[in-house]
Amino acid sequence: MTERIFNFSAGPAVLPVPVLEEAQRDMLSLPGVGMSVMEISHRSKTFDEIIGRAEAGLRELLKVPDNYHILFLQGGASLQFSMVPMNFLTPDGSADYVLTGSWGKKALKEAKKVGAVNIATTMADGGFTRVPSREEMSLSPHASYVHITSNETIEGVQWKHEPNVGDVPMVADMSSDILSRAFDVSKYGLIYAGAQKNMGPSGVTVVILREDLLQRIPENLATMLDYRVQVENKSLYNTPNTWGIYILSLVCKWVQEKGGLDAMEHENEEKAHLVYEAIDATDFYRGHADMDCRSTMNVTFRLPAEDLEKKFVADATAQGLDGLKGHRSVGGIRASIYNAFPRAGVEALVSFMKDFERRNG
Ligand code: PMP
């Protein structure tokens, strides 16, 4: 098969076609280098330029202030669940976790192994359908940090505005919505995100962290797990995912050419609106998240019965709409429509939804 289908996968996810084309064109030999990007040393001048472009790309798109470092690590966002508390949860302190879905729960589980945690709120009782109001969160002014998940990929619940947590450093898992919209980095102490949704292939994790927090890191952490070591070595303490960082640099260039994060946000909102409109138009489809925190990246919904959901996924797959099955832990349907997902694919889904209801409703 050489035709590309519409890929609704939650991650690894669809990448921009111009990025894949450029990578394909330069696969055997980077222009002027005579080697594939996968064959060059991570200590070479060429790679130095590539990682420099990746960092500059993120800095420019996200308007990252100068007092923040950008790291390209490995181990996925899942390793950050552990690294964040290992570096910043002090022995006599406690960290606040705001739980709006399954990934926040996983982050909490790892933090508990490191030290004291306080569940500032959990929205589990309502089935993770919304984010809490400020009044619903019991935040401590003395917490080591507050952890949130900006977009819960499985439930499709997204913070539209980050909570105000005062002077406590806010840590955010932005794996599934980084680069999808503009936001103010200076409100955060640390941001982390696996690359495999909006930034590139799996195997690279971006960490953006505020310089002054480095002073809080305890001595004698395992070398690779110490943010200070990674900062001092500019993410090159060991061999990084050179290929992944290269693709990430191309993705940043693509986003820039599309008009940056404001343009991206506008397009993402339009795409998401088309699917939510189709869900709201009928009782046959039922959206999972509350309207004011519906994700623009992962649209989650149910059908009247599980066997209909199975049929929906099978029929859609047969028509070239792939990856619509909801996460195994919650079921239902999930359409992941990241930056690189084309509007034509969203239109194809909406038309399929109407047709499916006509035939099965
Ligand atoms: N956090 C969020 C919000 C995610 O969506 C995911 C992956 N889907 C993870 C963490 C885990 O990421 P990884 O597989 O890169 O460890």
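Because only heavy atoms are used, hydrogens play no part in the values below, and waters and symmetry mates are left out as well, while side chains stay in. Numbering starts at 1 and runs along the sequence shown. Atoms within a ligand are numbered from 1 in the order they appear, just like the ligands themselves.
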(request) Look at the side-chain heavy atoms of Ile, Leu, Val, Met, Phe, Trp and Tyr, link any pair under 4.5 Å apart, and say whether Met86 and Val171 land in one connected group. (result)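 Linked, Met86 and Val171 end up in one cluster.
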
(message) To check you understand the geometry: which heavy-atom pair defines the closest contact between Thr205 and Gly75, and what is its length?
(response)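 Looking at all heavy atoms of both residues, the shortest contact is OG1-C, 4.3 Å.
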
Pairs under 3.5 Å, nitrogen or oxygen of ligand 1 with protein nitrogen or oxygen:
from	atom 1	to	atom 2	distance (Å)
ligand 1	1 (N)	Asp173	OD2	2.6
ligand 1	5 (O)	Trp103	NE1	3.4
ligand 1	5 (O)	Thr153	OG1	2.4
ligand 1	8 (N)	Lys197	NZ	2.8
ligand 1	15 (O)	Ala77	N	3.1
ligand 1	15 (O)	Gln196	NE2	2.9
ligand 1	16 (O)	Ala77	N	3.2
ligand 1	16 (O)	Ser78	N	2.9
ligand 1	16 (O)	Ser78	OG	2.6

(request) Would you check if the distance from the ring center of Phe312 to the ring center of Phe352 is below 6.0 Å? (result)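 Between Phe352 and Phe312, which both carry aromatic rings, the centre distance is below 6.0 Å.
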
(request) If you link ILVMFWY side chains whenever their heavy atoms are less than 4.5 Å apart, which other residues fall into the same cluster as Leu28? By chain and number, please. (result)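 Noted: Leu28 shares its cluster with no other residue.
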
(message) If hydrophobic residues (ILVMFWY) are linked whenever their side-chain heavy atoms come closer than 4.5 Å, directly or via other members, who joins Met291 in its cluster?
(response)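 Taking Ile, Leu, Val, Met, Phe, Trp and Tyr as members, Met291 stands alone, with no cluster partners.
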
(request) Only pairs at least two apart or in different chains count here, so list each side chain to side chain donor-acceptor pair (under 3.5 Å) that has a residue in residues 137-156. (result)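 Every pair satisfying side chain to side chain donor-acceptor pair (under 3.5 Å) with a residue in residues 137-156: Thr90-Ser144, Tyr97-Tyr145, Ser102-Glu155, His147-Tyr192, Thr149-Glu152, Ser150-Asp177, Asn151-Ser176, Asn151-Ser295, Asn151-Asn298, Thr153-Ser176.
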
